[in-house]
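Throughout, a chain's letter reflects where its sequence line sits, starting with A, and its residues are numbered from 1. All of these numbers come straight from a predicted model, not from anything done at the bench.
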Amino acid sequence: MLDLKRIREQPDAVRQAIRNKNEKGDVEAVLAQDTRRREIIAEVEQLKNTRNVVSQDIARLKKEKQDADAQIAEMKVVSDTIKRMDEELRDVEGALRDALLLLPNLAHESVPVGASDADNADVRAWTPDKAIGLTEEPEVPLLDHIELGKKHRILDFDRGAKLSGSGFPLYTGEGATLERALINFMIDVHRRDHGYREVFPPFVVNTESMYGTGQLPKMSEDMYRCAEDDLYLIPTAEVPITNMYRDEILDTDMVPARFCGYSACFRREAGSYGKQTKGFLRVHQFNKVELVKFARPEESYDELEALVVDVERILKLLEIPYRVRLLCTGDTSFSSAKTYDLDVWAPAEKAWREASSCSNFEDFQARRANIRYRPDGPKSKPEFVHTLNGSGLATSRLMVAILENYQTPEGKIIVPEVLQPYAGFSLIG
RNA sequence: GGAGAGGUGGGUGAGUGGCUGAAACCAACGGUUUGCUAAACCGUCAUACUGGGAUAACUGGUAUCGAGGGUUCGAAUCCCUCCCUCUCCGCCA
């Protein structure tokens with residue numbers, strides 16, 4: 001949610017920023033409701049003041065056993081008017097809030113203006129000494145992750161579809177073990193080496209939480225909902241972890257706070273059928289280790305850079321080729337002010353696949369979720385924190401990269417060295 | 001699923017219709033005293049919105065005792081609905 005004062009004072013800048021973001025947002029509606037709201041407030045508060053003052057008089061008169069019928073009759077009328085105006089005010093405030101919730105976050109000034117992923121900026125790339133398809137050509141035709149999964153009976157998309165529908169991956173044997181190893185490895189690195197506090201969150205949340213991080217009201221089509229209980233399956237651990245501190249004020253020494261947590265992630269991916277739907281590339285359920293930070297506003301962009309470096313470290317330890325891209329305004333998501341994507345190399349497809357997305361939301365989520373902190377000791381006035389998060393990382397896309405990059409000419413799969421202690425084996429096949 | 005209890009400021013907890021934005025205590029913050037620590041004492045101690053003022057200092061107003069309605073001139077206090085938490089029983093991992 002944007003600061004209403006900012007919209008009021010710089011409507012043109014906000015309008016332009018929304019256009020840059022490739023989003024629609026009705027600034028006029030916000031301004032109109034805001035004006036109307038303040039008109040009503042001025043009027044109704046005047047009436048309430050009258051009511052309070054005269055009510056005191058009535059109390060005094062009654063105490064002195066004097067007649068107060070005239071005042072009571074007068075206040076009856078005033079109270080009715082107040083009631084009517086309060087109703088109108090509530091409607092206007094509801095409309096204002098609805099309009100405000102639909103405005104996207106504005107991009108940071110360092111984000112390149114652009115319309116689509118073609119305008120994203122390459123920041124840096126990293127490749128291990130040996131990388132098939134990049135530093136050396138494959139000796140034999142490469143198998144893709146689906147073929148490798150089938151060959152070794154470690155990924156069973158067909159039976160997953162039987163159980164739940166397409167897009168619900170089933171891991172078996174070493175595949176299941178490797179998935180679990182990967183999750184544990186990533187959490188351990190972030191927890192032990194990078195100083196994040198581990199969280200194991202609930203996988204379903206209520207509507208307030210979904211509004212807090214910005215999934216609602218816009219993305220409701222994309223989420224699984226348990227209608228009976230009015231709960232949503234989380235699309236990312238960002239939702240529960242960020243909402244841990246919804247409607248709270250963090251102590252000064254708690255900020256910056258850094259959390260990492262695993263969750264299964266559920267996405268309906270409505271309307272995206274036919275796009276990269278094979279295998280792991282677009283699934284309804286996947287596993288992800290998420291990083292979430294609550295930062296001081298003046299430090300949040302440093303925290304974003306550090307966050308990206310933390311995610312890169314995982315890929316370096318796994319020795320997976322990757323690149324970092326800065327998303328342009330048009331490709332930056334609704335709630336984000338600045339986003340870096342990390343793409344991993346999938347040699348069988350000869351393609352870079354997004355495996356992580358790291359964003360600074362500035363105070364956009366904090367405003368919605370009402371998460372504040374005291375900047376300077378227990379007496380200082382609370383301010384909104386900046387929230388950040390990044391995938392650290394999603395296992396599905398990472399598994400594609402691992403299987404394809406680590407395949408041998410014989411079609412076997414070497415387990416990345418850092419995962420071997422976690423998996424308990426070093427070779428599949 | 002059945003039965004019951006309860007939701008008041010950072011915490012504990014008073015408060016059954018008007019002078020209660022809300023006692024008291026604790027915590028926190030500032031200070032005094034003290035050889036140091038501790039203790040004691042004094043003071044401060046909510047937030048949001050809105051108006052005036054320079055988008056200052058300061059200041060007027062309104063709202064807020066789980067949420068929303070209702071009764072009333074007036075509600076933390078009475079009535080209704082909802083939400084949440086806790087305890088016991090049953091069921092279950």
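Here the side chain of A:N49 is nearest to one of B:U62, B:A48, B:C49, namely B:U62.
The nucleotide B:A63 finds its pairing partner in B:U47, both defining distances of the Watson-Crick or G-U wobble pair being shorter than 3.5 Å. Remark: B:C86 base-pairs with B:G4; criterion is Watson-Crick or G-U wobble with both hydrogen-bond distances under 3.5 Å. For B:A24, the paired base is B:U12 (Watson-Crick or G-U wobble, both distances below 3.5 Å). Both distances falling under 3.5 Å, in either a Watson-Crick or a G-U wobble arrangement, place B:C41 opposite B:G31.
Atoms CD (A:Q56) and C1' (B:G17) sit 13 Å apart, rounded to a whole Å. Look at CG on A:N52: it is 5 Å from P on B:A63, rounded to the nearest Å. The CD-P distance, from A:E93 to B:C49, rounds to 11 Å in whole Å. Atom NZ of A:K5 is separated from atom P of B:A48 by 9 Å (rounded to the nearest Å). B:U47 atom C1' lies 13 Å from atom CG of A:D247, rounded to whole Å. Atoms NZ (A:K381) and P (B:C45) sit 16 Å apart, rounded to a whole Å. A:D253 places its CG atom 13 Å from the C1' atom of B:A28, with the value rounded to the nearest Å. Atom CD of A:E208 is separated from atom C1' of B:C82 by 13 Å (rounded to the nearest Å).
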Just distance, no hydrogens or angles: give the donor-acceptor pairs under 3.5 Å from side chains in residues 385-392 of chain A, sequence neighbours left out.
| residue | atom | partner | partner atom | Å |
| --- | --- | --- | --- | --- |
| A:H386 | ND1 | A:S300 | OG | 2.8 |
| A:T387 | OG1 | A:Q365 | OE1 | 2.7 |
| A:N389 | ND2 | A:E238 | OE1 | 3.2 |
| A:N389 | ND2 | A:E238 | OE2 | 3.3 |
| A:S391 | OG | A:S357 | N | 3.0 |

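If A:S380 and A:L4 are placed on RNA chain B by their nearest nucleotide, the residue sitting closer to the 5' end is A:S380. Nearest-nucleotide assignment on RNA chain B puts the 5′-proximal partner with A:K63, out of A:T50 and A:K63.
The aromatic rings of A:F259 and A:Y245 sit tilted, their planes meeting at an angle between 30° and 60°.
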*Carefully, step by step, assess A:E198 and A:Y262 under the rule side-chain hydrogen bond (donor to acceptor under 3.5 Å, both in side chains).*
CA-CA 9 Å; A:E198 185 175 353; A:Y262 157 78; over 6 Å; no
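Remark: the A:N52 side chain and the A:S55 side chain contain no N/O donor-acceptor pair separated by less than 3.5 Å.
Among the protein residues, A:R374 comes within range of no part of the nucleic acid, since none of its heavy atoms lies under 4.0 Å from any strand.
A donor-acceptor contact under 3.5 angstrom links the side-chain atoms of A:E45 to the base of B:G61.
Between A:R37 and B:U50 there is a side-chain N or O to OP1 or OP2 distance below 4.0 Å. The side chain of A:R38 contributes an N or O atom lying less than 4.0 Å from OP1 or OP2 of B:G51.
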_For a quick check, with a 4.0 angstrom heavy-atom cut-off, what is the B/S/- contact string for nucleotides 64-81 of chain B, read 5' to 3'?_
-----S-S-BS-------
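Note: A:Y232 and A:F266 fail the aromatic proximity criterion, with ring centroids not under 6.0 Å apart.
When the P atom is used for both B:A27 and B:G15, the distance is 23 Å, rounded to whole Å. Taking the P atoms as reference points, B:U55 lies 42 Å from B:U12, given to the whole Å.
Side-chain atoms of A:H108 come within 3.5 Å of backbone N or O of A:S110 as a donor-acceptor pair.
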